[in-house]
Amino acid sequence: MIETRKDLRFYIQKDFEVQKMEHPFFARLTWGENYAMYSYMKNLRYLEFYKNNKSGNILYSILYAYHFLKYRRMCLKYQIHIEPNTVGYGFAMVHPGFRRVGYAMMVGNNCTILPNVLLGRKSPDVTDEKLIIKIGDNCYLGTGCSIMGPLTLGNNVTVGAGSVVTKDFPDNVIIAGNPAKIIKYKA
């Protein structure tokens, strides 16, 4: 969670590094996909910072409102909805497309989520305010997969494209299928 300006700079730097932009200025001028995803994440990080620090500071409250409105516009533009304070640093989105990470979910550091990924509930009866889905560090979620909680995915898990995950999985595995099952253990 981003509490200080140092944390903010660290998160933004890690999010920039995963985009692998050699020439960010030209990527911005040519409306490159990498820059679009980086600008979404950068705005999300500022929103998280001002949300966590806005109490008692009128300037931070104004900046929070500005970044919130920008966040709402970018969510509609790119069809990506990631709640503040739910994803770790180094979060990678390869290109625009539907992604949904709600408020009761937590995605670890250095994770990649491709388009058309849904993180949701198995049924509407699951209404606890506690964490519903927890995804570990260094995970990769393939295109079109659905993660239906409550569940926990370990660190270094790769989820195949189009998979439907409905139960917990340990660290260092590759899973795929509907319903998902372990295909291979990573060395």
Side-chain angles (χ1 to χ4, degrees), residues 1-115 117-119 129-141 147 149 152-157 171:
M1 194 153 73
I2 301 173
E3 297 289 337
T4 65
R5 288 230 179 248
K6 184 178 178 183
D7 294 342
L8 178 63
R9 284 191 299 272
F10 175 76
Y11 273 66
I12 289 173
Q13 180 63 34
K14 290 296 183 184
D15 291 339
F16 177 79
E17 288 171 4
V18 298
Q19 294 301 329
K20 297 181 176 79
M21 287 184 285
E22 291 181 29
H23 306 288
F25 178 73
F26 293 116
R28 184 176 186 177
L29 284 179
T30 59
W31 296 289
E33 288 180 343
N34 288 359
Y35 189 81
M37 297 299 90
Y38 168 68
S39 66
Y40 178 90
M41 288 306 298
K42 185 176 179 181
N43 185 66
L44 181 66
R45 298 308 183 187
Y46 275 102
L47 179 65
E48 291 171 355
F49 173 73
Y50 292 121
K51 180 178 184 176
N52 298 336
N53 293 295
K54 71 178 180 175
S55 62
N57 190 332
I58 189 72
L59 178 60
Y60 279 15
S61 295
I62 292 169
L63 290 170
Y64 169 77
Y66 166 76
H67 285 286
F68 181 76
L69 292 172
K70 188 175 176 183
Y71 162 78
R72 295 287 296 156
R73 183 180 59 84
M74 292 175 104
C75 285
L76 294 172
K77 181 177 181 181
Y78 299 126
Q79 292 298 305
I80 299 170
H81 181 83
I82 300 172
E83 287 288 328
N85 298 316
T86 58
V87 295
Y89 62 81
F91 183 74
M93 297 182 288
V94 180
H95 43 264
F98 176 78
R99 290 170 188 89
R100 174 96 168 83
V101 180
Y103 69 92
M105 292 139 201
M106 182 54 88
V107 178
N109 302 325
N110 301 314
C111 290
T112 301
I113 296 182
L114 296 183
V117 171
L118 173 67
L119 279 69
E129 294 295 322
K130 64 183 181 180
L131 206 58
I132 294 173
I133 297 175
K134 184 176 184 319
I135 298 175
D137 297 339
N138 304 312
C139 290
Y140 181 91
L141 305 181
I147 314 291
T152 301
L153 292 182
N155 298 326
N156 302 313
V157 173
D171 296 347

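All residue numbers in this chain count up from 1 along the given sequence.
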Could you report the tightest heavy-atom contact between [X] and [Y], atom names first, then the distance?
| X | Y | result |
| --- | --- | --- |
| Gly97 | Pro115 | CA-CB, 4.0 Å |
| Met105 | Leu119 | CE-O, 3.4 Å |
| Gly90 | Val18 | O-CG1, 3.5 Å |
| Met106 | Asn85 | CE-O, 3.6 Å |
| Cys111 | Gly108 | SG-O, 3.5 Å |
| Arg100 | His81 | NH1-CD2, 2.8 Å |

Please report the interatomic distance [atom1]([X]) to [atom2]([Y]), rounded to the nearest 0.5 Å.
| X | Y | atom1 | atom2 | answer |
| --- | --- | --- | --- | --- |
| Asn156 | Asp171 | CG | CG | 7.0 Å |
| Thr152 | Ile135 | OG1 | CD1 | 9.5 Å |
| Ile113 | Ile80 | CD1 | CD1 | 10.0 Å |
| Ile12 | Glu17 | CD1 | CD | 12.5 Å |
| Leu8 | Thr4 | CG | OG1 | 8.0 Å |
| Phe16 | Tyr35 | CZ | OH | 9.0 Å |

Practice problem: Could you check Tyr60 against Phe49 for side chain to side chain contact (heavy atoms under 4.5 Å, CB included), going step by step and ending with a plain yes or no? | Solution: CA-CA 9 Å; Tyr60 279 15; Phe49 173 73; 3.9 Å; yes
Taking C-beta and beyond as the side chain, do [X] and [Y] meet within less than 4.5 Å on heavy atoms?
| X | Y | result |
| --- | --- | --- |
| Val157 | Tyr140 | no |
| Met74 | Ser39 | yes |
| Leu114 | Val94 | yes |
| Ile82 | Leu44 | yes |
| Phe68 | Arg73 | no |
| Glu48 | Met1 | no |
| Val101 | Thr86 | yes |
| Met41 | Met37 | no |

Strictly distance-based, threshold 3.5 Å: is any side-chain N or O of [X] a donor or acceptor partner for the main-chain N or O of [Y]?
| X | Y | answer |
| --- | --- | --- |
| Asn52 | Ile2 | yes |
| Asp137 | Asn109 | yes |
| Asp15 | Phe91 | yes |
| Arg99 | Leu118 | no |

Quiz item: Residues two or more places apart in sequence or in another chain: which of them pass ring-ring contact (aromatic ring centres under 6.0 Å, His included) with Tyr89?
Solution: Phe10, Tyr11
Practice problem: Over 60° means perpendicular and under 30° means parallel, so classify the ring planes of His67 and Tyr50, tilted if in between. | Solution: parallel
Self-check item: Row check, Tyr64 ring normal vs Lys51 NZ/CZ: under 6.0 Å, within 45°
Solution: no
Quiz item: Are there more than 12 heavy atoms of other residues, nucleotides or ligands under 6.0 Å from atom CZ of Phe98?
Solution: yes
